[in-house]
Every structure is written in C-alpha cells, then in structure tokens.
Amino acid sequence: MRTSQFPLQTLKETPADAEIASHRLMLRAGLIRKLAAGLYTWLPLGLRVMRKVERIVREEMDRAGALEVLMPAVQPAELWQESGRWEQYGPELLRIKDRHQREFCFGPTHEEIITELVRNELQSYRQLPINFYQIQTKFRDEIRPRFGVMRAREFLMKDAYSFHLDQASLQETYNLMHATYSRIFSRCGLDFRAVQADSGAIGGSSSHEFHVMADSGEDVIVLSDRSDYAANIEKAEAVAPVEERSLPSEALRLVDTPDTKTIQQLVDQFNHPVEKTIKTLIVAGSAESGAPFVALLVRGDHELNLVKAEAQPEVAAPLRFALEEEIYQAIGAGPGSLGPLHLPLPCIIDRSVANIADFSAGANIDGKHYFGLNWERDLPLPRIADLRNVVEGDPSPDGKGNLTIARGIEVGHIFQLGEKYSAAMQASVLDMNGQPRTMTMGCYGIGVSRVVAAAIEQKHDEKGIIWPLSIAPFQVALLPMKMDKSHRVREAVEKLHTAMHEAGIEVLLDDRDVRPGFMFADMELIGIPHRVVVGERGLDQGQVEYRGRGESENSMIRIDQLIPFLMDRLSASEAV
RNA sequence: CGGGGUGUGGCGCAGUCUGGUAGCGCGCUACGUUCGGGACGUAGAAGUCGGAGGUUCGAAUCCUCUCACCCCGACCA
C-alpha cells in the first residue's frame with residue numbers, strides 16, 4: 001500500500017474533548033471520527049486494526065469449535081417480554097417502533113434471539129453441546145458515553161452462547177472458552193489478566209472477566225502477590241480478621257461533637273485512630289427485612305462494596321442510599337451522627353467492624369458521638385457480613401499471600417447463565433429418556449472495538465501508538481528519503497516494496513512528497529511496528545536503516561538481507 | 001436526571017462583557033525555494049458565527065425559546 005492511495009488523516013493538534021491517551025491517539029492517528037455522542041466512524045486505518053482483532057477472534061472461536069452466525073441487530077419486543085428483560089432493562093435499551101407501531105429494540109446483547117433460534121432448531125440432546133457466536137454491532141444507550149470507542153454507545157462485539165444438557169458440559173465449554181480467550185488476548189499482544197467476577201443477578205457458579213492491564217482502566221482488580229488469585233474488587237472477598245477482638249479497655253462515654261460530620265473530622269478533632277471509627281450507611285431495606293431502611297456498618301477507613309451490600313437479603317435491590325430527609329425521619333438524627341447504639345433499624349456490620357474494641361460512632365443524636373463502644377458489652381453484636389472493598393495488603397482469599405490492587409480495562413467476560421433464559425423461554429431438548437430437559441447456557445463476550453482502544457491505552461508513548469505486530473494496520477513502514485530527487489533511492493525503494501509485497505509483508509510505502517520529519521512523525525503516530533528508511537547515505541554502503549517502533553537506535557541492514565531480516569522479525573512475534 | 005460549561009471555515013481557538021457587518025494558528029489549493037525529525041515565501045479557496053424567534057437603523061455580540069456536544073455528580077455519614 002502507498003500513502004498516496006491511502007488517506008492518513010493525522011492531526012497535529014489534539015482534539016479538545018479527548019481525555020485519555022487512546023481516545024486522543026485514535027483521533028490524531030486518524031483511526032476514528034466522531035459522528036455524535038458515543039457514535040464513531042472507523043476510517044480505513046482504524047478499520048484495518050479492528051479487522052485484525054476480529055480475525056484473531058474468529059480464528060480462535062472457530063478453532064474452539066464454535067459456529068458463526070449473524071443475528072439481526074433489531075429485535076422484536078416480544079422476545080424481551082418473554083424473558084422479562086423488556087421491563088428490567090432500563091433506558092440503556094434503545095427502544096424503537098416500526099411503521100406499524102410494533103415495538104423493537106436495537107440489541108444490546110442477544111440472549112433472547114439465540115434462545116429463540118435454538119429452541120426452534122434443536123430438538124435432541126444429541127445436538128448438544130453447541131456454541132454459536134457472532135461478531136456484530138451492539139447498541140447500549142450509556143448514561144455517559146466517554147473515552148471514544150472505549151465506552152461508546154454503538155460498538156462491535158463478539159458474543160457467543162453455548163447450550164448444554166447439564167452443568168458438567170457447560171463447565172467444559174466454559175473452561176474451553178477461558179482458554180480460548182487467553183489465546184485471543186495473547187495473540188493480540190496484550191498484557192491481560194483473567195479475574196473472578198461478580199456474576200450479578202444472573203447467578204451461576206462462575207464468571208470471569210478478562211482485563212487489559214492499564215492504569216487508566218475503569219475497573220479495579222485485585223491480585224495476590226503469592227498466587228494466581230485475581231478478582232474484580234466487586235467480587236474479592238475481604239476475609240475475616242484472624243486475631244481475636246481485644247477486650248474492652250475504655251468506658252462508654254457520650255461526647256459533644258458539634259462540628260464533627262465526617263470521619264476525617266472525628267479523627268482530626270479527637271486524635272482518634274481511623275481504624276476505631278465506624279461509618280453507618282443507611283440504605284433502603286428489602287421486603288424481607290421488614291424495615292424501610294437498613295444500616296450497613298464499615299470501618300471509617302474502608303469503603304462499602306456495592307455489590308456485596310446489594311447481595312444482603314435485608315437490602316433492597318437495586319441498592320439505594322437513603323436521602324437525608326429519610327434518615328432524619330427514620331432515626332431523628334442526620335448523616336454524620338449515626339451509629340449502631342440505640343439505632344431503630346436492622347443493622348449489618350462488616351467483618352472488620354465486628355473485630356474492633358473501644359470504637360467510636362455517632363450517637364443518633366445530632367452533634368453527639370459515643371466513644372469507647374464495645375460489642376457485647378454496650379450493645380449486642382449484629383449480623384456480620386463481608387461488606388467492604390478489599391484494600392491493598394489484605395490477605396488473599398485463597399490464603400496465599402496478600403492482595404495488590406491494579407486497574408484494568410474489561411475486554412472480555414465469560415459466564416455461566418444456567419437456565420435463566422432457557423427456562424423463561426422454554427428452550428428444551430429431549431434427553432436420552434425421551435423427556436424434555438431445559439438446556440443450560442453459557443455466554444461469552446469480547447468487546448472487539450474496545451480491544452483496539454485498550455491496546456493503545458496499554459501501548460503508546462509520547463510520539464503515538466505502539467501497535468503489537470499482530471494487530472498493527474501495517475507491519476512495515478517504508479520511507480524513502482528524497483525519492484523525487486534521487487533515482488537510486490526511487491529504484492531501491494520500488495524494488496524493496498515489490499519484494500516485501502511478494503514476501504507477504506504488509507508494507508506501507510510513504511510516497512508522499514513531504515519532508516522526512518513529517519514521515520517519521522506520522523509513522524510513529526500511527527504506530528507501525530517496523531520502519532525501513534532508504535536514503536542516499538545508506539545506499540552508498542548498500543544498506544538501509546531499520547528501526548523498531550519501540551526502539552531509539554537505527555540498525556544498518558544490507559539491502560539483500562532486509563527481507564530475511566524482516567521475515568525473522570515478523571515471525572518472532574507471531575508465535576503464541 | 002441534577003449541577004457546570006461550550007457551540008465562530010476541515011481542526012484548535014480569539015472576538016461576545018462595552019452591538020457597527022468576522023479574525024488568528026494548523027490544515028487545504030497553486031507556484032517557487034527547500035527537504036534525514038512535523039520547512040519557508042508569495043498568491044488563493046473556504047464560515048447563513050448550532051437553530052428559530054425577538055429588540056435595534058444595524059446582532060457572532062443583547063433578550064426568549066430550542067438543539068447539540070463536553071465535564072462533574074453513583075460513598076456521604
């Protein structure tokens with residue numbers, strides 16, 4: 001390919017509304033252009049990258065025995081009503097009507113559609129297990145689309161759905177998909193981790209997310225320093241402290257704290273250790289709790305884990321924090337003065353809260369706190385649960401090592417759906433006894449367009465993108481110096497271009513009439529992994545210059561050795 | 001949804017407070033000089049100032065409505 005025939009729509013200036021590196025670079029390198037909030041056009045250069053990711057995904061899914069299908073993007077409301085999600089899904093579901101006023105949605109996911117297909121097409125257990133996948137455009141009307149294609153509304157996704165007669169078969173395919181995803185992201189040249197994830201309301205025994213490691217990632221993941229334990233912080237268990245709770249050593253006292261509304265003020269004003277403070281959070285109670293509100297207690301230096309909180313039977317789902325007026329009405333004191341003693345609400349405390357002695361908490365009277373509180377002396381021990389986010393240094397839940405915290409970009413998610421959709425939509429096959437059996441399902445997604453952004457987020461420098469070879473839009477940039485003036489350079493470059501082409505190398509020849517610095521800057525911005533410069537200087541010695549995108553020094557290569565040299569470089573990183 | 005902000009050639013911005021008929025940089029076109037790390041000169045093309053209505057002799061600028069986009073808010077006890 002020649003740049004004269006391939007628009008490099010690069011920008012020298014940084015677009016105003018791009019906040020993170022990948023978004024900026026995707027715009028500057030001319031990979032994408034925004035049409036509207038969360039909607040992007042992929043330019044030729046960007047599409048080449050996305051197609052490469054797609055191809056890797058497709059090859060590995062095929063290799064794992066999955067079968068490609070293509071389902072409609074627009075889906076009838078009836079199927080969503082059947083699964084119950086027409087009501088459950090909020091405004092994120094883009095609902096549309098056709099000319100007959102029939103309701104449809106633009107699919108954010110395809111469980112209903114594949115289940116509808118499979119219940120009609122499959123009749124026998126002999127046809128199971130089976131795994132269908134597609135690579136297709138999804139639409140989710142995100143509250144706040146941002147970061148370019150990282151969190152866009154319209155995006156390209158690979159989604160797969162497997163169907164099984166029993167859990168053992170599902171587990172087998174699940175494991176296969178786990179391995180397949182690992183191969184996919186390895187082949188994409190990314191530093192990633194598979195982490196245990198919350199399977200949410202869907203249930204099921206197992207769920208893993210695949211994260212590309214990057215400091216700008218929106219997800220917090222925790223890793224053990226001594227084992228392969230890895231989990232999303234939403235899921236990571238904060239294990240109970242092993243040491244016994246200390247015995248009470250202080251007397252209970254009620255203290256005037258008129259200017260103490262926050263934990264920080266309590267710590268500062270009373271020189272009180274933050275580990276001996278309690279945060280009392282009021283959330284809406286479930287029908288089961290029998291109370292309008294429920295109190296959740298975590299240590300002052302800890303954060304409530306929303307997923308864990310919502311999972312408590314006493315807590316209403318979705319989780320809702322009480323408003324200030326509601327707190328006054330229910331307790332008679334405002335936030336900032338709440339605590340477990342004389343609290344007229346059901347109470348659940350975090351494991352670490354159960355373990356402190358001589359602690360402080362609000363007195364449920366405005367402007368007053370208790371100090372020297374002790375469980376089982378001053379008040380009974382409430383129900384104990386794991387409610388908090390783990391923090392750096394906490395013991396790993398698998399008992400091996402301590403936890404470290406990192407950030408990641410979720411690019412893949414696999415989970416076991418069980419019978420949620422197959423039961424609701426009556427998708428069954430006849431088993432070996434001729435009896436109908438509801439199929440059990442697995443579901444496996446990869447955000448293809450997000451992988452492109454995540455790769456940039458992980459691999460870039462101040463000059464631009466540094467593509468992993470396997471997903472680079474071109475493998476080699478071929479840059480002639482003063483081609484217009486020098487017949488030798490022109491001849492040499494044309495010969496090399498042809499030779500590379502014949503060797504199957506994806507080469508981009510920069511035949512624009514621009515100054516060298518311009519070419520260098522553009523090729524670095526768009527991140528071509530290998531660069532070959534042909535100039536009079538080198539030709540005098542029968543040489544050309546080579547430099548890898550991540551390198552800072554040139555190597556001189558003899559012209560007749562260039563193709564083998566490049567082939568060597570290209571195959572070195574092909575191996576997985 | 002609540003709060004804040006921005007809409008002016010393809011991109012980045014000034015001009016708006018204090019009304020007088022639109023400007024800068026990048027990019028683009030042509031020619032010339034240059035050219036191994038985003039060159040320079042000369043000459044050009046390109047904007048109903050987001051939209052609608054109003055005030056005024058006159059509106060990018062003031063008023064009303066509206067649309068779009070961006071940022072913040074989902075831990076606070």
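Since the structure is predicted, the reported quantities are computational estimates derived from the model, not experimental observations. Within every chain, numbering begins at 1; the chains are lettered A, B, ... in the order of the sequence lines, protein sequences first and strands thereafter.
A side-chain contact (heavy atoms from CB on, under 4.5 Å) with A:Asn389 holds for exactly one of A:Leu304, A:Val298, A:Ile233; it is A:Ile233.
For the C1' atom pair drawn from B:rA59 and B:rC17, the interatomic distance equals 15 Å after rounding to whole Å. Comparing the C1' positions of B:rC26 and B:rG3 gives an interatomic distance of 35 Å, to the nearest angstrom. Distance noted for atom C1' between B:rG9 and B:rU48: 13 Å (whole Å). With both ends at atom C1', the span from B:rU16 to B:rG50 equals 16 Å, rounded to whole Å. Atom P of B:rA45 sits at a distance of 15 Å from the matching atom of B:rA22, rounded to the whole Å. Separating the C1' atom of B:rC72 from that of B:rC35 is a span of 48 Å, rounded to the nearest Å. Distance check on atom C1': B:rU21 versus B:rU42 gives 29 Å, rounded to whole Å. Rounded to whole Å, the P atom of B:rA14 lies 7 Å from the corresponding atom of B:rG7.
Nucleic acid contact for A:Leu479: none, since no nucleic acid atom lies under 4.0 Å from a heavy atom of the residue. Looking at heavy-atom distances under 4.0 Å, A:Arg388 makes no contact with the nucleic acid at all. Using a 4.0 Å heavy-atom distance criterion, A:Arg320 is classed as making no nucleic acid contact. Contact annotation for A:Glu19: backbone-only contact, meaning every heavy-atom pair under 4.0 Å involves sugar-phosphate atoms and none involves a base. A:Asn364 comes within 4.0 angstrom of no nucleic acid atom, judged by non-hydrogen atoms across all strands. When heavy atoms are screened at a 4.0 angstrom cut-off, A:Thr280 is found touching base atoms of the nucleic acid.
Using bins of under 30°, 30° to 60° and over 60° for the plane-to-plane angle, the ring pair A:Trp80/A:Tyr89 lands in the perpendicular bin. Taking the six-membered ring where the residue is Trp, A:Trp375 and A:Phe359 present tilted rings, their angle falling between 30° and 60°.
Using a cutoff of 4.0 Å between basic side-chain nitrogens and carboxylate oxygens, A:Arg24 and A:Glu13 are not scored as salt-bridged.
Rounded to whole Å, the distance from CG on A:Asp522 to P on B:rA39 is 11 Å. Between A:Glu303 atom CD and B:rA74 atom C1' there is a gap of 12 Å when expressed in whole angstrom units. What separates CD of A:Glu310 from P of B:rC75 is a distance of 14 Å, to the nearest Å. For the pair A:Leu266 CG and B:rC76 P, the computed distance is 16 Å after rounding to whole Å. Atom-to-atom, CZ of A:Arg28 to P of B:rG27 comes out at 13 Å; the value is rounded to the nearest Å. Note: CG (A:Leu323) to P (B:rC76) measures 16 Å, nearest angstrom. Atom CG of A:Asp513 and atom P of B:rA30 are 11 Å apart (whole Å). Between A:Ile143 atom CD1 and B:rC72 atom P the separation is 13 Å, expressed in whole Å.
No more than 12 heavy atoms of other residues, nucleotides or ligands sit less than 6.0 Å from atom CG of A:Asp215.
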Please list each protein N or O that sits under 3.5 Å from an N or O in nucleotides 4-12 of chain B, with the distance.
none

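A donor-acceptor pair shorter than 3.5 Å cannot be found between the side chains of A:Asn402 and A:Asp394. A:Gln312 and A:Arg383 form a side-chain donor-acceptor contact under 3.5 Å, judged by distance and modelled atom types alone. For A:His413 and A:Glu410, the side-chain atoms include at least one donor-acceptor pair closer than 3.5 Å. The closest side-chain donor-acceptor pair between A:Asn364 and A:Tyr370, if any, does not fall under 3.5 angstrom. For the residue pair A:Thr260/A:Gln269, the side-chain donor-acceptor check at 3.5 Å is satisfied.
If A:Val514 and A:Pro335 are placed on RNA chain B by their nearest nucleotide, the residue sitting closer to the 5' end is A:Val514. If A:Arg153 and A:Gly334 are placed on RNA chain B by their nearest nucleotide, the residue sitting closer to the 5' end is A:Arg153.
Of the candidate nucleotides B:rG38, B:rA39, B:rG36, B:rG38 has the atom lying nearest to any side-chain atom of A:Lys12. Among the nucleotides B:rG36, B:rG37, B:rG38, the one closest to the side chain of A:Asn554 is B:rG36. Between B:rG37, B:rU34, B:rA77, one nucleotide has an atom nearer to the side chain of A:Arg531 than all others, and that is B:rG37. The side chain of A:Arg515 sits closest to B:rA39 out of B:rG36, B:rA77, B:rA39. Of the candidates B:rA77, B:rC35, B:rG36, the closest approach to any side-chain atom of A:Ile327 belongs to B:rA77. Considering only side-chain atoms of A:Phe321, the nucleotide from B:rG38, B:rA74, B:rA77 that sits closest is B:rA77. Nearest to the side-chain atoms of A:Lys279 among the listed nucleotides B:rG37, B:rC75, B:rC35 stands B:rC75. Which of B:rC72, B:rG36, B:rA77 sits closest to the side chain of A:Ile263 comes down to B:rA77. For A:Glu545, whose side chain is taken as the heavy atoms from C-beta onward, the closest listed nucleotide among B:rC1, B:rG36, B:rG38 is B:rG36. Listed nucleotides B:rA74, B:rC76, B:rG37 differ in distance to A:Phe520; the shortest reach to its side chain belongs to B:rG37.
Look at A:Lys34 and you won't find any side-chain N or O under 4.0 angstrom from OP1 or OP2 of B:rC69. OP1 and OP2 of B:rG36 both lie 4.0 Å or more from every side-chain N or O belonging to A:Arg537. The phosphate of B:rC71 has OP1 or OP2 within less than 4.0 Å of a side-chain N or O from A:Arg144.
Across all strands shown, B:rC40 forms a Watson-Crick or G-U wobble pair with B:rG32, both key distances being under 3.5 Å. With a cut-off of 3.5 Å on both pairing distances, the Watson-Crick or G-U wobble partner of B:rG12 is B:rC24. Judged by Watson-Crick or G-U wobble contacts below 3.5 Å, the nucleotide B:rU55 has no partner. Pairing of B:rG7, defined by two Watson-Crick or G-U wobble distances under 3.5 Å, is identified with B:rC67. With a 3.5 Å ceiling on both atom-pair distances, B:rA74 lacks any Watson-Crick or G-U wobble partner.
The six-membered or imidazole ring of A:Phe474 lies near that of A:Phe6, with a centre-to-centre distance under 6.0 Å.
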